[in-house]
Amino acid sequence: MNSQVANLVLVLVIIQVSRKLDLENPDVITYVRIGYVTVQALTLSLCYFIATRIKKINDTTEIKYVEPAKPFTNESPQVVETTVRDYDLGKTMDLFKQTCTSVLIMLIIHLYFGFTQPLFIQSILPLKSVYQNQMVQIHLLGKKAEGELNRPFKNPSPFGWLLEAQQPQTDKASIKKASKASKSKDD
Ligand SMILES: *[C@@H]1O[C@H](CO)[C@@H](O)[C@H](O)[C@H]1NC(C)=O
C-alpha cells in the first residue's frame with residue numbers, strides 16, 4: 001500500500017480511538033501528556049544515539065550527486081559532495097529538527113488552544129515514521145544500505161501519488177552538466 005494512504009488510514013483509526021477517550025478528564029489528559037512526552041523524548045534520544053554511532057563508524061566514503069531544485073523555486077540543481085558520515089549526520093539532524101518543530105507546534109496547540117486530541121495523535125503517528133526513517137533502519141535495525149536505503153535517498157513526494165518528486169541524480173553525465181551550469185552562473 002502507498003505510504004500516504006497507510007498514514008491516512010492510521011490517522012483515521014487513531015481519531016476513532018481518541019473519540020472513545022474522555023479527553024476532558026484531567027487524569028486522561030495527564031496520561032496523554034506523559035505518553036506524548038515519552039515518545040518525543042525517545043525520538044530525540046534515538047537521534048542522539050544514532051549520531052554517536054555514525055561518528056564512531058566514521059564512514060568517509062564519498063557520495064556525489066545532483067540535488068534537484070526545490071519545487072516552485074528558481075533555484076538550479078546543486079552538485080552535492082559529501083561523505084556517508086556527513087550525509088547520515090544531516091539526515092539524523094533532519095529528524096531531530098522535525099521532532100523539535102512538531103513539539104513546538106503541539107505546545108501551542110495544547111497549552112494555548114487547549115486541544116488534547118492532536119497530542120494523542122502525535123503520540124502514535126510518529127512511531128511509524130520513526131520506524132521507517134532510513135537512519136533508524138540502517139543504524140538501529142542494522143539493515144544494509146541497499147535498494148530503498150541506498151544513499152542518496154529518494155525524495156518523498158510532497159503531494160502523495162499526485163506528483164512524482166524530483167530525485168537526486170548520481171550518474172556522471174548529470175553531475176557534469178549541473179557543475180558546468182553552476183560554474184557558468186558564477187562567471
Ligand atoms: C575519520 O576518518 C578520517 C579519514 O579516514 C580521519 O581523518 C578522521 O580523523 C576520523 N575521525 C574520527 C573521529 O575518527
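Computed from heavy atoms alone, side chains included, the values below leave out hydrogens, waters and symmetry copies. Whatever order the structure lists them in is the order used to number ligands and atoms, beginning at 1. As the structure is a prediction and not an experimental result, all values here were calculated from the model.
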**Fill in**
In short, side chain to side chain donor-acceptor pair (under 3.5 Å) pairs touching residues 140-155 with sequence neighbours left out are Glu67-Asn155, Asp88-Arg151, Gln137-Lys143

**Complete:** For residues 17-32, the side chain to side chain donor-acceptor pair (under 3.5 Å) pairs (sequence neighbours left out) are Ser18-Gln117

**Message:** Run the side-chain contact (heavy atoms from CB on, under 4.5 Å) test on Lys64 and Thr170 for me, step by step, so that the C-alpha distance in whole Å, both residues' side-chain angles and the decisive distance to 0.1 Å come before the verdict.
**Reply:** CA-CA 7 Å; Lys64 200 169 176 181; Thr170 47; over 6 Å; no

**Asked** Would a hydrophobic clustering, with Ile, Leu, Val, Met, Phe, Trp and Tyr connected at side-chain separations under 4.5 Å, put Val103 with Ile108?
**Response** yes

Could you list the donor-acceptor pairs under 3.5 angstrom formed by side chains in residues 43-53, with sequence neighbours left out?
| residue | atom | partner | partner atom | Å |
| --- | --- | --- | --- | --- |
| Thr43 | OG1 | Val39 | O | 2.8 |
| Ser45 | OG | Ala41 | O | 2.4 |
| Thr52 | OG1 | Tyr48 | O | 2.7 |
| Arg53 | NH1 | His139 | O | 3.4 |

**Under 3.5 Å donor-acceptor, Gln132 side chain and Val130 backbone** = no

**Message:** At less than 4.0 angstrom from any atom of ligand 1, which residues have a non-hydrogen atom? List them by chain and residue number.
**Reply:** Asn58, Thr60

